[in-house]
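These notes are about the structure you will find just below.
Below, chains carry the letters A, B, ... as their sequence lines are ordered, and counting in each starts from 1.
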2 protein chains.
Amino acid sequence: MDELVARKISEPPSVAAWRNAAVEAAAATGDGDALELVELFFFAYRDFVGDADRLLENYGFGRAHHRVLHFVNRRPGLTIAALLDILKITKQSLNRVLKQLLEAGFVEARAGVVDRRQRLLYPTPEGATLARDLAALQSARFRKVMDELPPAARGAASKFLFAMIDVGERERVRAHLACAKAAGAAT
Amino acid sequence: MDELVARKISEPPSVAAWRNAAVEAAAATGDGDALELVELFFFAYRDFVGDADRLLENYGFGRAHHRVLHFVNRRPGLTIAALLDILKITKQSLNRVLKQLLEAGFVEARAGVVDRRQRLLYPTPEGATLARDLAALQSARFRKVMDELPPAARGAASKFLFAMIDVGERERVRAHLACAKAAGAAT
DNA sequence: CTATTTACGTCAACTATATTGACATAAATC
DNA sequence: GATTTATGTCAATATAGTTGACGTAAATAG
């Protein structure tokens, strides 16, 4: 046994094997253009979230806090159930980060007026400021993108992103955006 | 103290406070359109990765395995360093999932020919098949999107996604895509 | 009015994915 | 021969998620 075996390095089954598989893959998926889009989407999202991550570090918060704060700020008065529906996580998972945001004074909760079991979530002024700073970073990227894109392509972005959403989720997303627009008055 | 205090529910600072903050935010970020794009990007990515997640469950793999397998399949002979550069994670983090993929027989490694310190990563036939199935799911979404988009908007998607990538990363991504295209022959 | 359902909180154990820091080894290079 | 490079590995820790079980107060159905 040489050092290669010791390090669990072996000969590949055959170069032809994976090459054939790759060609098959291309045939099965139609073309490589779609694959290229898959990768671009991955890279784009990686860099997109990176912006906010750096700011969040200063507060000891992570992406989970960001998402919660974002949606609470965007739709003040949001219920726990509505938030869970947007985030698609369990209440236990939400509760941990929400508790931290409440304790840190970035989010406040009050009992619902029509249904007192509900906790309506609101950003505090500090929370709203942080949410605004985070949103500013991310929308700055979008605005920069729109600037460097040919005018004809600009309107396509939101159509494209919306079309990427699960068909069954689109109505919900549309409703959320309408809700946010109504709440924010200027968003 | 009533039950509301016990449950850490308090009155919001004032409805006006957060409303003003939201208006400020809109003013600071220019407009709500960019904010809307931020959210659409979040929802789109959430559903996009969901496709693959469901398939990966059957193999006991997670997203981390998916990413590794994907890039190994796309660029057979990839080195550890190149993979780390793409994924932007630490070698310790990569090593855990890579070890599992090697042990499960989805990826193979062999010593580099020009530099024997390097481990060149290749998908096994099984790995290539899984990678293909995963890619098929995700590119199917993209192809469906292209179908439902007006023809004029189709070309815009890849331009848009590329523009979303950090300027300093674009050359690297471009190189990766060229590399993948050369390796896959048909992708 | 009682029974049930609903909206939420919480404890516990576990998994997946990432991090930092320190140290080891073999191969390449100066 | 000394150093740098490519990689592996051990250990501790953090973040973000899960399932399952149980509790409570308020709304609602019978």
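Residues from residues 49-59 of chain A that place a heavy atom under 4.0 Å from any atom of DNA chain D: there are none.
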List the protein contact pattern of nucleotides 11-21 of chain D with one symbol per nucleotide (5' to 3'): B for base contact, S for sugar-phosphate-only contact, - for none; contact means a heavy-atom distance under 4.0 Å. -----BBBBBB

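In this structure, B:Arg110 places its CZ atom 18 Å from C1' of D:dT7, rounding to the nearest Å. Per the geometry, CG belonging to A:Asp85 stands 12 Å off P belonging to C:dC8, to the nearest Å. Taking atom CD1 on A:Ile80 and atom P on C:dT6, their separation rounds to 18 Å, with Å as the unit. If you take CD of B:Gln118 and C1' of C:dA26, they are 13 Å apart, rounded to a whole angstrom. In this structure, CG of B:Leu84 is placed 11 Å from P of C:dA18, rounded to the nearest angstrom.
Evaluation of the side-chain contact (heavy atoms from CB on, under 4.5 Å) rule for A:Ala156 yields B:Ala153, B:Ala156 as partners, not counting sequence neighbours. Legend: residues meeting salt bridge (charged side-chain N to carboxylate O under 4.0 Å, His left out) with B:Arg96, ordered by chain and number and at least two apart, are absent. Annotation: side-chain contact (heavy atoms from CB on, under 4.5 Å) contacts of A:Ala44 (sequence neighbours excluded): B:Phe41, B:Leu161, B:Met164, B:Ile165. Annotation: side-chain contact (heavy atoms from CB on, under 4.5 Å) contacts of B:Ala152 (sequence neighbours excluded): none. Contacts of B:Asp166 classified as side chain to side chain donor-acceptor pair (under 3.5 Å), with partners at least two apart in sequence or in another chain: A:Arg141. Contacts of A:Glu148 classified as side-chain contact (heavy atoms from CB on, under 4.5 Å), with partners at least two apart in sequence or in another chain: A:Lys144, B:Ala163, B:Arg170. For the salt bridge (charged side-chain N to carboxylate O under 4.0 Å, His left out) test, no residue two or more places apart in sequence or in another chain qualifies with B:Glu126. B:Arg63 meets the salt bridge (charged side-chain N to carboxylate O under 4.0 Å, His left out) test with B:Asp53; sequence neighbours excluded.
Members clustered with B:Val113: B:Val114, by chain and number, using a 4.5 Å side-chain heavy-atom cutoff among hydrophobic residues.
Panel note: side chain A:Thr129, backbone A:Pro125; a donor-acceptor pair is recorded below 3.5 Å.
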May I have the step-by-step check of ring pair (Phe, Tyr, Trp, His ring centres under 6.0 Å) for B:Phe61 and B:Phe106, ending in yes or no? CA-CA 11 Å; B:Phe61 290 147; B:Phe106 286 81; 5.3 Å; yes

Heteroatom pairs (N/O) under 3.5 angstrom, protein to nucleotides 27-29 of chain D:
| from | atom 1 | to | atom 2 | distance (Å) |
| --- | --- | --- | --- | --- |
| D:dA27 | OP1 | A:Arg116 | N | 3.0 |

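Contact between the side-chain N/O atoms of B:Asn95 and the OP1/OP2 oxygens of D:dT7 is not found at any separation under 4.0 Å.
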